[in-house]
Structures are given as C-alpha cells and as structure tokens.
Amino acid sequence: MSGQKIMVRRIEQCLDGIQSLCIFIASVALVILVVTFGWLVFGRYVLNVTPTWVEQLSLLLICYIVFLGAAAGVRTDSHLGVSVFRDLLPTVLQKIVMVIIDLIIAAFGFITVLSCLNWVAFGWDSLIPMLDVPESFRSAAVTIFGGLIFLFTGARAFLRIITFSDWSPDQSSSPR
C-alpha cells in the first residue's frame, strides 16, 4: 500500500473517531435531557416542588446536541444538499465543484470560530441563571461546531485534492 493511501486512511480514521465522539457526547446529553425532564415531571406532580433549573439545563444541553449532531452530519455528508446541478456536470467538473464547496464550508466554519470566540470571551463573566455556570458554555457549543466544520470539510477538501484522480463523485462523501 502506498504512503499516500496509508496517510489518507489514517486521516479518515482520525476524523471518524472525532465524529463518533461527537455522536457519543450528543447522545449522552440527550439521555441527560430525558432524565432531567423525568425529574421535572416527578418533582412537579409527585413532590409538588418544581425544579426550576431543568429549563436552563435543557437549553444548554440542546445547544450541544444540535451543534455536535450537525457537525457529525457534515462529516458524513448526510445533511440536506441540492446536487442536481452538480450532477449534470462532467465528472472532472463535479470533482472541482465538490472541492470548492468543501472549501467554502470550511471558510464558514473558520469564520464561525472567529466570531464565536468573541461571544465566549464576552459571556464568561455572566452566569446562566439557576445553573451558576458561565453563559459562555452556550457560545462554546457554536464555537466547537465551527471548529469541527472547519476540520471536517477542510480535511475532506485536502483529501479530495491529493486523491483527485482516484475518487469518483458517485462514491461516498469522502475520497476513500
């Protein structure tokens, strides 16, 4: 096996591991969300004492569930996309368009990180009511999302460029 194929395989395995970690963390957050809502119902209707912190925790958890899940969807290319125009192009042009799209999405991720770092810094001194954790924890979810988008699509563009002649647009989203 050539050195390039080994490098591509290792990069893909690393990215797959990061994607699996995103799904795992989002899944754990979802389980915590369900359990806390169970506690809310139990507290409200059985104990007659409503735990007020559940709403704020659920809002925080949903940020991580949504953004980590979306980043994983970008990695697997399972998000919504319109490919009808790209599919009408010749194969070489399809490959070029796919690389350009990956680079544009990577730029979006990079800009998201830069923009949200300001939010994280700004919200560090204010606390989320009833949880007493910095408001920046909400902004950190979007910042992590941007970083993952930059990583996933930037790496995919890089791999598509270095293996340009070996992959087909009809295959999976990555040039494996």
- Taking every non-hydrogen atom, the tightest pair across Ile65 and Ala26: CG1-O, 3.6 Å

- Scan for salt bridge (Lys or Arg N to Asp or Glu O under 4.0 Å) pairs involving residues 136-155, sequence neighbours excluded, and state none if there are none. Glu135-Arg138

- Task: State, yes or no, whether a side-chain contact exists between Asn118 and Phe122 at a heavy-atom distance under 4.5 Å.
- Result: no

- Task: Enter the distance from Ile149:CD1 to Arg75:CZ here, rounded to the nearest 0.5 Å.
- Result: 11.5 Å

- Task: Supply the atom-to-atom distance Trp119 CH2 to Ser136 OG, rounded to the nearest 0.5 angstrom.
- Result: 11.5 Å

- Message: Rounded at 0.5 Å granularity, tell me how far CZ in Arg86 sits from CG in Leu93.
- Response: 12.5 Å

- With rounding to the nearest 0.5 Å, note down the distance linking CZ in Arg10 to CD in Gln13. 8.0 Å

- Query: Do Leu117 and Val113 have side-chain heavy atoms sitting under 4.5 Å apart?
  - Reply: yes

- Task: Indicate if Ile100 and Phe110 have the same hydrophobic cluster label, given that clusters are the connected sets of ILVMFWY residues with side-chain heavy-atom separations under 4.5 angstrom.
- Result: no

- Query: Does Val120 belong to the same Ile/Leu/Val/Met/Phe/Trp/Tyr cluster as Ile111, with side-chain heavy atoms less than 4.5 Å apart forming each link?
  - Reply: no

- Task: Flag yes if Leu60 and Val34 sit in one hydrophobic cluster, no otherwise; membership is Ile, Leu, Val, Met, Phe, Trp, Tyr, and two members link when side-chain heavy atoms are under 4.5 Å apart.
- Result: no

- Message: Are Leu68 and Leu148 packed together at the side-chain level, in the sense that at least one heavy-atom pair is separated by less than 4.5 angstrom?
- Response: yes

- Message: So for atom CD, which belongs to Glu55, do other residues, nucleotides or ligands contribute more than 12 heavy atoms lying within a distance under 6.0 Å?
- Response: no

- Query: Any side-chain heavy-atom pair from Leu159 and Arg156 closer than 4.5 angstrom?
  - Reply: no

- Over all heavy atoms of both residues, which pair between Val142 and Cys116 is shortest? Give the atoms and the distance, please. CG1-SG, 3.4 Å

- What is the distance from atom CG of Leu59 to atom CD1 of Ile128, rounded to the nearest 0.5 Å? 8.5 Å

- Query: Is there a side-chain contact between Arg160 and Lys95, using heavy atoms and a 4.5 Å cut-off?
  - Reply: no

- Is there a side-chain contact between Ile18 and Phe152, using heavy atoms and a 4.5 Å cut-off? yes

- Item | Residue pairs fulfilling ring pair (Phe, Tyr, Trp, His ring centres under 6.0 Å) with at least one residue in residues 54-74, sequence neighbours excluded | Phe67-Phe145

- Message: Taking atom CZ as the centre, does Phe24 end up with more than 12 heavy-atom neighbours from other residues, nucleotides or ligands that are less than 6.0 angstrom away?
- Response: no

- Query: Does a side-chain heavy-atom distance below 4.5 Å link Arg44 with Val49?
  - Reply: no

- Phe137 versus Trp124: any side-chain heavy-atom pair under 4.5 Å? yes

- Item | Under the side-chain contact (heavy atoms from CB on, under 4.5 Å) test, residues paired with Pro51 that sit two or more places apart | Trp39, Leu40, Trp53, Val54

